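Comments concern the structure below.
Fair warning: this is a prediction, and the values are worked out from it, not measured in the lab. Along the sequence shown, residues are numbered consecutively beginning with 1.
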Amino acid sequence: MYFAVALDGNHEPLLLAIGLGTLECEESWEWFMMKLKECLGEDTEVGFISNLCDKIDFAVQRVYPDSYHGYCPKYIARKIRDSVGHNDTKVETLFWKSYNAYSVHDFYLCLERLQSACKKPPFFTLLRSPIFWLDNIAISKWARAFFPKLRYNVKLIDIPEMVKIISTSTREFPITTIIELINTSIQSTYAERAEVAGRLSIGVTPYVEIKVQKHVLCCHSMQHYVRTNNSFVVHGRS
């Protein structure tokens, strides 16, 4: 099965499309992307986040050549754990600091610490660093500071739980039955979200309201100073 999942305005996963195929290959992913583009329309601006799959990268470049495609940092962090050992979190922590850096300057500082940590025992060997493969992944594919367009969180969105259950527990059902069950689940979810949206008394979702309030509270302890006509220095917790 092929899935395309997005986040709605309340930061909850929303299934956009599913596809069924007998083989996961570049041609199958390209077919799925083409069908997705037909549904979303030619003028819809989208970005893609996936696991470390070259087949998906190929399909995005063929069907959405002007769209951003990045890799979920969770998969990179998991590969780092496998490379350096599950019992040590230092290198993985340094990776997350690199990923979360907002400025290019801060990113390279964190990345230098990450590379230095991997050059010390017990990680480093005479042959190569345990995360040598990270050099082969374009920084713009995973680092927040190098996001090329409008900045979103470079993250993977989990497949809705109901779809997981249906897709794993009904393998012996006819394919038409499986599709109907998933379609019913999608329609039910959309109806529930629409009902919740209709009850909102303000113009933002509960998730956005909580985020805004959190940032407002944090700003109370901050102080800013004018550096130049167009720049400021802010001190305090963020």
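Across all their heavy atoms, A77 and E92 have their closest contact at CB-OE2, 3.8 Å. Considering every non-hydrogen atom in both K55 and C25, the closest pair reads CD-CA, 3.7 Å. The shortest non-hydrogen separation linking I139 to Y108 is CD1-OH, 4.1 Å. Summarising the geometry of S98 relative to L111, their closest heavy-atom pair is OG-N, 3.4 Å, with the distance given to 0.1 Å. For the residue pair I76 and W133, the shortest heavy atom distance occurs at O-CH2, 3.8 Å. Between F95 and P73, the shortest heavy-atom contact is CE2-O, 3.6 Å.
For residues 103-117, the set of pairs meeting the salt bridge (charged side-chain N to carboxylate O under 4.0 Å, His left out) definition, not counting sequence neighbours, is empty. Every pair tested for salt bridge (charged side-chain N to carboxylate O under 4.0 Å, His left out) that includes a residue from residues 202-216 fails, sequence neighbours excluded, so the list is empty.
Residues D57 and S50 are not in side-chain contact: their nearest non-hydrogen atoms beyond the backbone lie 4.5 Å or more apart. Counting heavy atoms from C-beta outward, V46 and L40 have side chains that approach closer than 4.5 Å.
The hydrophobic cluster containing L114 does not contain L109, counting ILVMFWY residues as joined when their side-chain heavy atoms lie under 4.5 angstrom apart, directly or transitively. Both V104 and L134 sit in one connected hydrophobic cluster of ILVMFWY residues. Membership requires side-chain heavy atoms under 4.5 Å apart, directly or through other members. Y207 and V196 are assigned to two separate hydrophobic clusters, defined by single-linkage of ILVMFWY side chains at heavy-atom distances under 4.5 Å. A chain of hydrophobic side-chain contacts below 4.5 Å, direct or via other Ile, Leu, Val, Met, Phe, Trp or Tyr residues, connects F132 to L94. F3 is connected to Y190 through a chain of hydrophobic side-chain contacts under 4.5 Å among Ile, Leu, Val, Met, Phe, Trp and Tyr, so both are in one cluster.
With rounding to the nearest 0.5 angstrom, the NE2 atom of H69 is 11.0 Å from the OG atom of S140. Rounding to the nearest 0.5 Å places CG of L52 at 10.0 Å from NZ of K141. Atom-to-atom distance recorded for K79:NZ and N51:CG is 11.5 Å, nearest 0.5 angstrom. From Y64, atom OH reaches atom CZ of R62 across 15.0 Å, with rounding to the nearest 0.5 Å. To the nearest 0.5 Å, atoms NE2 (H105) and SG (C110) are separated by 10.0 Å. A distance of 10.0 Å separates OG1 of T93 from NZ of K90, quoted to the nearest 0.5 Å.
Paired with K37 under the rule salt bridge (Lys or Arg N to Asp or Glu O under 4.0 Å), one option of E30, E45, E42 passes, and it is E42.
Counting only distance, with no hydrogens or angles, the side chain of S188 and the backbone of T184 share no donor-acceptor pair below 3.5 Å.
The environment of CG in N136 is crowded: more than 12 heavy-atom neighbours from other residues, nucleotides or ligands sit within 6.0 Å.
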Could you give me the CA-CA distance, side-chain angles and deciding distance for Q213 and I210, then say whether side chain to side chain contact (heavy atoms under 4.5 Å, CB included) is met?
-> CA-CA 5 Å; Q213 289 299 323; I210 293 172; 5.9 Å; no

Criterion side chain to side chain contact (heavy atoms under 4.5 Å, CB included) on L36 and F48, from CA distance to verdict | CA-CA 12 Å; L36 180 65; F48 297 92; 3.9 Å; yes

Kindly indicate, with the supporting measurements, whether the criterion side chain to side chain contact (heavy atoms under 4.5 Å, CB included) is fulfilled by I131 and Q115.
-> CA-CA 9 Å; I131 60 167; Q115 292 170 337; 5.7 Å; no

Does the side chain to side chain contact (heavy atoms under 4.5 Å, CB included) test come out yes or no for V60 and W29, once each step is laid out?
-> CA-CA 9 Å; V60 172; W29 274 111; over 6 Å; no

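In this structure, F107 has its ring center under 6.0 Å from that of W142.
For D8, the salt bridge (charged side-chain N to carboxylate O under 4.0 Å, His left out) criterion is met by R193, not counting sequence neighbours.
Between F147 and Y68, the ring-plane angle classifies as tilted under the 30° and 60° cut-offs. Between W96 and Y99, the ring planes are perpendicular. Angles over 60° get that label, and only those under 30° would be called parallel.
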